Amino acid sequence: MTATQPLWRMLASTRAAARRDLRVLNAEPGRFAAFSRTDGDLLLDFSKTELDASSLALLLQVAEAAGVARLRDAMFAGARINTTENRAVLHVALRDSTVTPLMLDGVDVKMEVRATLERLTAFAEGVRAGRIAGATGRAITDVVNIGIGGSDLGPAMATQALAPYHDGPRCHFVSNVDGAHVTDTLKGLDPATTLVIVASKTFTTVETMRNARTARAWIVAALGEEAVSLHFAAVSTAGDKVAAFGIPQARTFGFWDWVGGRYSLWSAIGLPVMLAIGPERFRELLAGAEEMDQHFRTAPFAENLPVLLALVGLWHRNVCDYASRAVVPYDQRLARMPAYLQQLDMESNGKGVTREGLPVTQATGPVVWGEPGTNAQHAFFQLLHQGTQIVPVEFLVAAEGHEPELREHHELLVASCLAQSEALMRGRTLEEASAQLRATGLPEAEVAALAPHRVFSGNRPSVTLAYRRLDPYTLGRLLALYEHRVFVEAAVWNINAFDQWGVELGKELATALLPAVRGEGAPEGASGSTLGLLAHLSSHHA
């Protein structure tokens, strides 16, 4: 961080000296052209932020001084940039269609990726065609994916996003260990036509394996023990545990320790997506991500969409001190994208120490949250427009939908998206509110009483990502764009975006508390609050 500290001080001074209303900035000729960039039909508009030419130039210098290019190239080359786990970070290799070898520990990882993709393709095609059937010989009509974290959020999000392209079995997702989730998912399904995918790299994830055993019992109760091998598949590297569960090797698909869970959609974890949309469409998803990878690698920083989106995020987090960002896709099929990005961003950049293990000297990852528009407008947009804290918003919107017969719906959707970003920027002054009320014929006393409640401060920033249509290729580009945005922000903050030690302590304590929850003795070292909660819950448990 030492190399960038003078630049951060200059950025703070620049903002303090030249804070201008967004309405003034956006009235300047050429503002949109200067503060938007495109990659094909994908547009990043960041003109509705406080950035000006001097602050953007300083941020680009921050990226250079932080060594973003060096770290980026190291990642693509297979260097062990995940230093706390001594691992390479090569999710980009999962969508690299080039034949140039990428060697890691003497192995061409791209050859392994291709071999796994071919196995996944053969299995998916077999299931979709009915050649791989259930124990009764009937074709598979439903797939239940059991996983958690990246083994759930990625495929669940992508499957929903690509609903117009579904021509395979229906896909369902179980993640929560709450028995309600697996019960409600299996209820109504026919075991004879259901395939269950258990997604756990180690095949020991507590929540996943508890749900998997419940699903196994459901299959066995209906079809017998011998049906397990025909109604289950696994995405795991723990071959012995998978075999002990009853899943044959031919139905087991592995991935590698250089693929983090939240970056694993592109691997065998994406099997449910492939089953739903088919291998050809799945390859289009990979191709879109690969295109963004190449853009990230080759475009100058001043034209580089992931770099620029990251710089906007850094400006808001470290210069403007905004603690959160809202993601609002005006695309109903991206309803799960805020949750997906929440994990991608907060698990990656929710860190308090540098790569060297020292306390960070700047705020790092913001809180990421959101819902699809227009629902969000009728929920939390009140706070976004008139609340006491400023939350930058990231809008996503397509030029066209998948329902041409419902064109008026999409026109209203687009108008709503553009209107919200305009309203956040523009606001409404007291004078404007008063004039609006007077025009309705209200007495002056009522105008004076009501006008303050109808004032919008405005000057609230947003960015917009616009694209032609949400298809597999576009989804791949969007997801890779956000992956690389997280990477750039982490590089500037000098933190490791690829470990997640913060999830471990609670898991350890849950294991220690389980016997006490079962009434098998008091937990050692538990706080008085936890003991009190245990006693209360036990006293009300039938």
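Computed from a prediction, not measured in an experiment: that's the story for all the values here. FYI, the numbering just counts along the sequence from 1.
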Judged by atom type as modelled, is there a donor-acceptor pair below 3.5 Å linking the side chain of [X] to the main-chain atoms of [Y]?
X      : Y      : result
Asn145 : Ser151 : yes
Trp493 : Leu314 : no
Glu207 : Asn176 : no
Ser527 : Thr530 : yes
Asp471 : Thr474 : yes
His181 : Val177 : no
Gln386 : His453 : yes
Asn318 : Trp8   : no

Mind checking whether [X] and [Y] have side chains closer than 4.5 Å, heavy atoms only?
X      : Y      : value
Leu311 : Phe301 : no
Glu291 : Asp39  : yes
Pro472 : Phe282 : no
Leu59  : Val312 : no
Asn349 : Val486 : yes
Pro169 : Asp142 : no
Arg37  : Leu305 : yes
Leu42  : Thr38  : no

Is it the case that more than 12 heavy atoms not belonging to [X] sit under 6.0 Å from its [atom1] atom?
X      : atom1 : value
Met346 : CE    : yes
His409 : NE2   : no
Asp321 : CG    : no
Glu408 : CD    : no
Arg336 : CZ    : no

TODO: List the steps, then state whether side chain to side chain contact (heavy atoms under 4.5 Å, CB included) holds for Asn26 with Met425.
DONE: CA-CA 9 Å; Asn26 277 271; Met425 175 198 73; 3.4 Å; yes
Contact summary for [X] and [Y], nearest pair of heavy atoms:
X      : Y      : answer
Ser175 : Asp152 : CB-CG, 3.5 Å
Pro359 : Thr354 : O-CG2, 4.1 Å
Ala276 : Thr159 : CB-CG2, 4.3 Å
Ala53  : Phe35  : N-CZ, 3.6 Å
Ser324 : Pro392 : O-CD, 3.2 Å
Pro461 : Tyr322 : CG-CE1, 4.0 Å

Task: Trace of the salt bridge (Lys or Arg N to Asp or Glu O under 4.0 Å) decision for Asp345 with Arg325 - done: CA-CA 11 Å; Asp345 202 312; Arg325 63 172 65 125; 2.7 Å; yes
Please tell me whether [X] and [Y] have a donor and an acceptor in their side chains that are separated by less than 3.5 angstrom.
X      : Y      : answer
Thr208 : Asn211 : no
Ser267 : Ser264 : no
Glu394 : Tyr482 : yes
Tyr473 : Glu290 : no
Gln420 : His385 : yes
Arg15  : Ser55  : no
Arg355 : Asn494 : yes
Asp293 : His484 : yes
Gln362 : Arg317 : no
Asn82  : Asn496 : yes

TODO: Verify side chain to side chain contact (heavy atoms under 4.5 Å, CB included) between Leu396 and Asp331, making sure each step is shown before the conclusion.
DONE: CA-CA 7 Å; Leu396 294 94; Asp331 205 321; 5.9 Å; no
Quick one: pull up [atom1] in [X] and [atom2] in [Y] and give me the separation to the nearest 0.5 Å.
X      : Y      : atom1 : atom2 : answer
Glu371 : Phe381 : CD    : CZ    : 11.0 Å
Arg70  : Arg72  : CZ    : CZ    : 11.5 Å
Glu444 : Ser434 : CD    : OG    : 7.5 Å
Leu450 : Leu442 : CG    : CG    : 6.5 Å
Leu56  : Glu50  : CG    : CD    : 14.0 Å
Gln61  : Leu7   : CD    : CG    : 5.5 Å

- [ ] Is it possible for you to check whether Arg454 lies under 6.0 Å from the centre of the six-membered ring of Phe456, through NZ or CZ, and within 45° of that ring's axis?
- [x]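 The answer is no, since Arg454 fails at least one limit relative to Phe456.
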Residues [X], [Y]: salt bridge by 4.0 Å N-O rule:
X      : Y      : answer
Arg469 : Glu403 : no
Arg31  : Asp45  : no
Glu280 : Arg283 : no
Arg23  : Glu432 : yes
Asp499 : Lys351 : yes

Task: Sole residue of Trp266, Tyr263, Phe76, Phe487 in ring pair (Phe, Tyr, Trp, His ring centres under 6.0 Å) with His91 - done: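 Going through the options one by one, the only one that passes is Tyr263.
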